[in-house]
Amino acid sequence: MQKIITISIIMLLCMILFFTSCKKDYGNLNNATVESFLKDASQSELNNLVSGTESGMRNVLNLYLDDIGSIGREGYHFSGSEPRYVTDLLGASNATLSGSNFYIVNPWAARYRVIKNCNVLIQAATNSTHITAAQKSGYIGFARTIKAYQLLMNLNLTDSNGIRIDVSDPDHLGPIVNYSDGLTSIASLLDSAKADFSNASIAFTLAGFNNFSDAAGLVKFNRAIAARVSVYQQKWQGALDNLSGSFFGLNTGFNVGVYHVFGTGSGDQLNPMFIPQNQTGEVRLAHPSYAADIEAGDDRINKATLRNAAASLSGLSSNRDVWVYTSATAPIPVIRNEELILIYAEANIQLNNLNEGVKAINVIRNGHGLADYSGAVTQSALITEMLKQRRYSLFFEGHRWIDMRRYNLLNTLPLDRPGDDVWTEFPLPVTEQ
């Protein structure tokens, strides 16, 4: 029996070595090369860690966006092979969210794999004798910024159930911290990264950072993410301060920003959110309320295009496809200026700078074919308008459910079937409990 087990283990190891050698997987660093990275990594090895980190950020993004889009009633994901998109996520009948199911386990694990890459990169850069002090700061600042962003994504899912911040030592993991402490730690990590960039030289290339791939540009990206964190913390002046150091601009193009990019090359990934229009079987549909609630003349209706025929499943139906990601290589935003303009509007409204809030809202409205805002200039009315503009501008970019939760408005989201629920948060994965 022992001999059979030994032979089986050897065969399994051979299979693992074969498949991992055939597939380029930057996210898996559980191998002997990690020790060499940590001892004295070359610049080439450090750059591979950067590339692997950026590549891993794209993994299972579709699950993250479907989680937020489904619970936030942005749309439905119909999949003949996976009913839980329309049962568990929508709370159908007696369905509940489980900490052992793919919709939390997979995105949670994917983000922590990237965080592990970031931790390895920080330690490897710190120990390397092959780079300058300024280059070292560049690697560490990048790793800390991405680590903070990945932690924020997981905290967006679990909310008051918290998150584990300290995972640098897998044998001695830090505690689960609550939502507020999680945001504080993420903001602190971003601030540390900003300090790293202040005297950094960037010795690596990045795929989706466009004009923000040098030290000054990475600071702007870092402050953009920090502004998002500030509004989650309800630190409104902090949000404006962070915007001032970002790539925010009322007269800057909406799509200026940082993106996950995709390609058809060997070892690359296709955009997992892309589903062709009018497809049957596997479809991603806009919630009927998206078109019902939109203002006449708003060009954002083009994000939810009419189908040749409505699609229906399990008592749900829609005649519009989600058409945000229009090809298999379309980019997915990490953060872009249109969100920053809306953060600027929100922070000013909350600080009672109402005219400045209206100014920012009108930039968004005019940019999508609408006339200036003509409603009441009160804080309450402008918050409603701001959330409406966020709904349409940031459709299926991972915000609606979080926004409605931030403003205690989850109970206003539509319930499409008797017994459906709108969840407040995901449970922690069973591996964390």
Side-chain angles (χ1 to χ4, degrees), residues 56-77 79 82-116 147-167 173-186 228-229 232-233 272-273 284 287 332 394 396-417 419-433:
M57 289 167 63
R58 306 174 299 175
N59 291 341
V60 298
L61 269 177
N62 53 319
L63 290 185
Y64 179 81
L65 295 174
D66 274 331
D67 281 350
I68 291 171
S70 296
I71 300 177
R73 270 46 178 195
E74 290 185 288
Y76 312 127
H77 185 176
S79 171
E82 184 43 77
R84 287 171 288 186
Y85 286 114
V86 296
T87 56
D88 293 25
L89 292 182
L90 301 180
S93 301
N94 294 317
T96 59
L97 293 177
S98 168
S100 62
N101 279 337
F102 74 98
Y103 42 68
I104 181 62
V105 171
N106 290 3
W108 181 274
R111 304 289 68 81
Y112 272 111
R113 280 194 293 272
V114 175
I115 290 165
K116 179 179 180 180
K147 181 178 175 180
Y149 172 59
Q150 299 294 283
L151 287 167
L152 183 63
M153 291 176 73
N154 274 352
L155 188 58
N156 283 341
L157 296 179
T158 54
D159 194 57
S160 68
N161 285 323
I163 195 173
R164 199 182 300 278
I165 296 291
D166 183 5
V167 293
L173 297 174
I176 298 289
V177 303
N178 63 32
Y179 180 77
S180 176
D181 289 346
L183 288 177
T184 298
S185 295
I186 290 166
R228 182 189 290 176
V229 174
Y232 289 178
Q233 294 177 297
M273 287 296 290
R284 188 174 285 107
H287 193 278
I332 294 177
L394 307 179
F396 261 97
E397 293 183 26
H399 297 279
R400 177 65 171 167
W401 177 48
I402 298 161
D403 287 344
M404 299 302 276
R405 183 174 65 201
R406 290 195 293 123
Y407 280 90
N408 297 314
L409 292 171
L410 291 177
N411 62 342
T412 67
L413 292 174
L415 298 176
D416 302 301
R417 300 166 298 194
D420 279 4
D421 291 293
V422 175
W423 306 118
T424 302
E425 61 202 4
F426 283 86
L428 288 171
V430 291
T431 54
E432 301 287 351
Q433 297 175 8

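Computed over heavy atoms, backbone and side chain alike; hydrogens, waters and symmetry mates excluded. Numbering starts at 1 and runs along the sequence shown. Here the structure is a predicted model, which means the values were calculated and not measured.
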Heavy-atom check, side chain of [X] versus side chain of [Y], under 4.5 Å:
| X | Y | answer |
| --- | --- | --- |
| R228 | H399 | yes |
| E397 | I68 | no |
| I71 | F426 | yes |
| L410 | T424 | yes |
| Y112 | R164 | yes |
| I332 | L65 | yes |

To the nearest 0.5 Å, what is the distance between [atom1] on [X] and [atom2] on [Y]?
| X | Y | atom1 | atom2 | result |
| --- | --- | --- | --- | --- |
| N59 | L61 | CG | CG | 8.0 Å |
| L152 | I402 | CG | CD1 | 7.5 Å |
| S79 | R84 | OG | CZ | 10.0 Å |
| D166 | L151 | CG | CG | 10.5 Å |
| T96 | W423 | OG1 | CH2 | 6.0 Å |
| L90 | H77 | CG | NE2 | 12.0 Å |

*Is any side-chain N of the basic residue among D403 and R400 closer than 4.0 Å to the acidic one's carboxylate O?*
no

*Give the C-alpha distance, both sets of side-chain angles, the deciding distance and a yes or no for side chain to side chain contact (heavy atoms under 4.5 Å, CB included) between Y232 and N156.*
CA-CA 10 Å; Y232 289 178; N156 283 341; 3.3 Å; yes

If every non-hydrogen atom of [X] is compared with every non-hydrogen atom of [Y], which pair is closest and at what distance?
| X | Y | value |
| --- | --- | --- |
| H287 | R73 | CB-O, 3.2 Å |
| I163 | L155 | CD1-N, 3.7 Å |
| L173 | V167 | CD2-CA, 3.8 Å |
| E432 | W108 | OE2-NE1, 3.2 Å |
| P427 | I104 | O-CG1, 3.6 Å |
| L157 | R405 | O-NH1, 4.3 Å |

Any donor-acceptor pair under 3.5 Å from [X] side chain to [Y] backbone:
| X | Y | value |
| --- | --- | --- |
| R111 | M57 | yes |
| E425 | S160 | yes |
| R284 | M273 | yes |

_Option from D66, V60, L89 for which side chain to side chain contact (heavy atoms under 4.5 Å, CB included) with Y103 holds_ = L89

*Is the CG atom of N411 crowded by more than 12 outside heavy atoms at less than 6.0 Å?*
yes

*Begin with the C-alpha distance, continue with both residues' side-chain angles, and end with the deciding distance and a verdict on side chain to side chain contact (heavy atoms under 4.5 Å, CB included) for Y64 and N154.*
CA-CA 9 Å; Y64 179 81; N154 274 352; 5.9 Å; no

